[in-house]
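These notes are about the structure you will find just below.
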There are 2 protein chains.
Amino acid sequence: MPTVAPQRSRKAQIDRTATAMFRARGFAATSMRELATELGLEAGSLYSHIKSKEEILHRVCFGLAEDFFAGFAAATAQGSAPIATQLRQAIEAHVRVLTRDSAASAVFLHEWRHLSEPARTEFLALRDRYEVAFRALIQRGMAQGELHAPDAVFAALTLLASLNWLPAWYRPDGKLTPDEIAHRLAEQLLSGLRRTEEPV
Amino acid sequence: MPTVAPQRSRKAQIDRTATAMFRARGFAATSMRELATELGLEAGSLYSHIKSKEEILHRVCFGLAEDFFAGFAAATAQGSAPIATQLRQAIEAHVRVLTRDSAASAVFLHEWRHLSEPARTEFLALRDRYEVAFRALIQRGMAQGELHAPDAVFAALTLLASLNWLPAWYRPDGKLTPDEIAHRLAEQLLSGLRRTEEPV
DNA sequence: CCTACCGATCGGTAGG
DNA sequence: CCTACCGATCGGTAGG
């Protein structure tokens, strides 16, 4: 019986370290030997805790997908609230997931392509569902006259693209808190760049 | 003496095929043997045309960087034009580079991390210079009252993030031409999503 | 969790 | 452009 309980399970520790390495070097360029060294053990020992390298990637990608869906559901639970408010809350929820673990987010965004079938197809279906949910919210806002956009599809794409760029530059020790970042991003995306009407 | 000249050099053919594979599977997960097979030759034969796998990546990444800078320079050559016009032209130029070769663009955007030093650092410096150029344009527009944004840094980040998402969904055989896409993206980014003022 | 190891595959080269 | 090959490294397993 250990006198001090480990702060988190060995498995969770492997996931966490692997995620950081997948983010920095990419999934394919990260070897199980490097991962083991980083954790202070031998390569073979990893396999008493995990089944395969891809299993780690699978857990990270699908775990984050769950987080994104949960955030969106909470943000839009008050269906009677103004759409702009729901959209703002959905943006904030998305940013919160991205900033809570930006390494896992970067893996979610870029390394899913190394999932083998059928996981890869399942993952893309989830990602698509999420995108559709955002688009539907924007379309509802347009129908009610609260939002306007030349094209709802484009609006959803640019919105998510802008948010998903965050893990590329976010630093947990930066000047801005996640909530401040979320607020500024929402402000930027909702108001656009142009001050006055200009001819097209 | 061949009776029919090759349409492009073997080297350019290697670059092109490798770029498509780097995009689909990632640089590290693409083997020189698969590349050779795709080209209908043996792995060793590649090395009469190229020096190394990384050399291909280097050419793609730095070649595209040049294209982006050239496009931006042309778009902002008329320094006396309204900033909003220059910005719109810079957006269009950026989109034109992205759509002309979306495979190379995707590699430029995501695979540069596999460059070894010092190329990697040089590349990041170039990317940063480009970002700064966009930001400076936006700041100039704000100073002259043509543009408004809560934060010029955020504005530049969301702008480029939205544009750079394009290679992820652009299809050359889609309904929209590159110029139409550029126009809609510019419209979306300049005008924002909100119709009426709402309380913050 | 380690030691010792498996077969497979990697990027690249020599010599023709 | 091919044949034949190099040393290195890969993900993973057996047995303890």
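Naming convention: chains lettered A, B, ... in sequence-line order (proteins, then strands); numbering from 1 in each chain.
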Check your understanding: Nearest-Å distance, CD (B/E42) to P (D/dC2)?
Key -> 5 Å
Review point. D/dC1 C1' sits how many Å from B/L39 CG, rounded?
Key: 13 Å
Review point. Does the side chain of B/S116 come under 3.5 Å of the side chain of B/E54 through a donor N or O and an acceptor N or O?
Key: yes
Review point. Between A/A161 and B/S162, which heavy-atom pair has the shortest distance, and what is it?
Key: CB-CA, 3.9 Å
Review point. Which nucleotide, in any strand shown, forms a Watson-Crick or G-U wobble pair with C/dG16, with both distances under 3.5 Å?
Key: D/dC1
Practice item. Quick one: look up who D/dT9 pairs with, Watson-Crick or G-U, both distances under 3.5 Å, and put none if it's unpaired. Key: C/dA8
Practice item. Quick one, give me the B/S/- string for nucleotides 10-16 of chain C, reading 5' to 3', where B means a protein heavy atom under 4.0 Å from the base and S means that only happens at the primed atoms, P, OP1 or OP2. Key: BBBB---
Review point. Ring centroid separation for B/H94 and B/F68, is it under 6.0 angstrom?
Key: yes
Check your understanding: Charged N to carboxylate O under 4.0 angstrom, A/R25 versus A/E34?
Key -> yes
Practice item. Step through it carefully: locate the ring centre of B/F154, locate the ring centre of A/W169, and say whether they are under 6.0 Å apart. Key: yes
Check your understanding: Could A/R127 and A/E131 be called an ion pair, given the rule that one side-chain N must be under 4.0 Å from one carboxylate O?
Key -> no
